[in-house]
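Below is one structure; the comments refer to it alone.
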Amino acid sequence: MRRASWFNIGSLALGLAFLYLPIVILVIYSFNASRLVTVWGGWSIRWYAELIDDRAMLESAWVTLRIAFLSASAATVLGTLAALALVRFGRFRGRVLFSGMIYAPLVMPEVITGLALLLLFVAIDIDRGFWTIAIAHTTLITCFVTVVVQSRLLTFDTTLEEAAMNLGCPPVKTFLTVTLPLIAPALVSGWMLAFTLSLDDLVVASFTTGPGATTLPIRIYSEVRLGVKPEINAVCTILIALVAIGIASASLLAKFHHGGRGAMAGLAGR
Amino acid sequence: MFAPWADPAARPLVRFDGVSKRFGTATAVERVSLDIFSGEFFALLGPSGCGKTTLLRLLAGLEMPDDGRILLDGAELTTVPPYRRPINLMFQSYALFPHLTVEGNVAFGLKQEALPKAEIASRVDEMLALVRLEGFAKRKPQHLSGGQRQRVALARSLIKRPRVLLLDEPLAALDKKLRSETQFELMQLQESLGLTFVIVTHDQQEAMTVAGRIAVMDHGRLVQVATPQEIYERPTSRWVADFIGEINLIEGSVTEVGRSGTVVASAAGRLRALSPADVTAGDVVWVALRPEKVRIALEPPPVEGENCVAGQVADIGYLGDLSIYKVRLDNGIIMKTAVANVTRLVERPINWDDRVWLTWSSEAAMVLTR
């Protein structure tokens, strides 16, 4: 191993600081006793305590979690099916168009996706709220699941499926007992990714929301416009903790299943 | 003597009837008709890309033939899906399930049959004992050596007691010593279980060692189907003779056909072969000689004449058990001869550039027409 030079250590520290310093400051200030956001008044957990009494904020958090759970699950099913179609069905008619359509949301500006969905929901005249956000998020994040699952399927050894069938296992059961357990880490990390994407989406959600369904990002954004309250820092810290736990467990899971090289490689390669 | 293929009344266990398989424009298997009998250890032998693995996969049902039929015990097998065929395949890559333990892998086939748990467990134990992996039941395949994985794959494909066990290059990933040990184990296993084995290999030595009969394939076609001895001693073409072992080929034309053999006039003089050949005077033929059947001497034989050529030693290869001499004949042809080193050679009696005489008996020479 090469010895780390001061230059390397310095650039590493700078890079990490650039990425994480704002978050660290936010986390520290969430434990600030002072009501003023910019003045340090000693350690305290009073904003966390006040958060428990903030019904509106908790309500929003609950809505967000439910939407994220629903849309991540739906996106995982749809994204996996799309990945299977792309990897397994060979060169079917319209394959290029299909893969283009799958990946378009990846690069589509969210404003456009949001606006288009809003127009659609208005046109077919459904009440905007919880369900419209869930549908919109599913549209937004399915492609991410497809990318992750597809990269796992591409390296999947199909002779394993042949071996299962050769031993008397019919195709559907082969998929359930051999293919699915082996690509499960990719499904889990795809789900985690989708979940976090839905959790922090502001743009699409604000286009497709309606009365009674205010997600956490929308509420935080609207409250910050009236001035940053220390409470917001506490909410954000909790969110960061949730996301960090999710990502860490997904990568640990992948590591556990594949001895180090796992589905997170699919994320890294994105 | 076990030779059901010689008995016209015997019913084959597996019959390929004019089977063809194309991938796009490439033909992998072309009009193959082949009978394999119950209890045989049968080898499909050929260079890579000759279609032998495709033939195996057709039998397993992993590929569908474009033409022809495959029968098992006289019943149509072509349309039966792979998971309903009483045929198991041991994959070249072993294809062990990485998410299951050794035990789980071996039990996989039985679990598809909804057998009682106790029976599955006892048969798995029995199988693991057979392949000497008793202590490894709870291990994952990633934590086994290559040889152990190979035995797990074997156990997994044997546990359902298939009518036919297919082995796709089963020993290719093992080192040489382990490979030759495993070859004999496979033979004992096949004999003691009384099963029908079909092995695919590109290694002619392996095919000769394990198989009772060999089908030599080239470019999707069967070139010769016979016992190892027959293929070695009576190849039907120059290609087979060259593919199976080493061969010297001398081109010439037939001058005499009679009771005392076939006489061929060639650049290396008059050659006589006793082996029967379907030729007439004037035909262009090749006289084929295995190197180990050619004698080499520093002195000319007492009677020079037929089956005797002179030349100069061009190269010597010392292999330990054998020495290979490459001799350049006076007419420029290179001939090889192999001499068993039965005594310890401290110094070689025959050296580079020595003038030598090569002789062989008329029984050793074969006449090939194509």
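Every value quoted in this text rests on a predicted model; they were computed, and no experiment measured them. Convention: sequence-line order gives letters A, B, ...; per-chain numbering from 1.
- Of the options A:Leu182, A:Leu180, A:Leu160, a side chain to side chain contact (heavy atoms under 4.5 Å, CB included) to B:His99 is made by A:Leu182 and by none of the others.
- The neighbour count for A:Phe175 CZ, taken as heavy atoms of other residues, nucleotides or ligands under 6.0 Å away, is above 12.
- Near-neighbour residues of residues 11-21 of chain A relative to chain B, defined by a heavy atom under 4.5 Å from a heavy atom of that chain, are none.
- Listed in order of number, the residues of residues 114-139 of chain B that approach chain A to under 4.5 Å between heavy atoms amount to none.
- When the candidates A:Thr177, A:Val178, A:Asp157 are compared by the number of heavy-atom contacts under 4.5 Å with chain B, A:Val178 comes out ahead.
- When heavy atoms are compared at a cutoff of 4.5 Å, B:Lys111 approaches chain A solely by way of its backbone atoms N, CA, C and O.
- Using a 4.5 Å cut-off between heavy atoms, B:Arg57 contacts chain A through its side chain alone, with no backbone atom that close.
- No part of B:Ile159 comes within reach of chain A, as not one of its non-hydrogen atoms sits under 4.5 angstrom from that chain.
- Among all heavy-atom pairs drawn from A:Gly168 and B:Lys160, the shortest one is CA-NZ, 3.8 Å.
- With a 4.5 Å cut-off on side-chain heavy atoms, A:Cys169 and B:Tyr83 do not count as touching.
- Residue-environment remark: CZ (B:Arg84) stays at or below the threshold of 12 foreign heavy atoms within 6.0 Å.
- Closest approach of B:Arg156 and A:Ala163 over heavy atoms only: NH2-CB, 3.6 Å.
- For B:Phe91, the part sitting under 4.5 Å from any heavy atom of chain A is the side chain, from C-beta outward, and nothing else.
- We find the CD-CG distance between A:Glu162 and B:Leu89 to be 8.5 Å, quoted to the nearest 0.5 Å.
- Contacts of B:Leu96 with chain A are made by backbone atoms alone, with heavy-atom separations under 4.5 Å and no side-chain atom involved.
- Residues B:Ile87 and A:Asn166 come closest through the heavy atom pair O-ND2, 3.4 Å.
- Taking a 6.0 Å sphere around CZ of B:Arg161, one finds it holds 12 or fewer heavy atoms contributed by other residues, nucleotides or ligands.
- Other residues, nucleotides and ligands contribute at most 12 non-hydrogen atoms within 6.0 Å of the CE atom of A:Met101.
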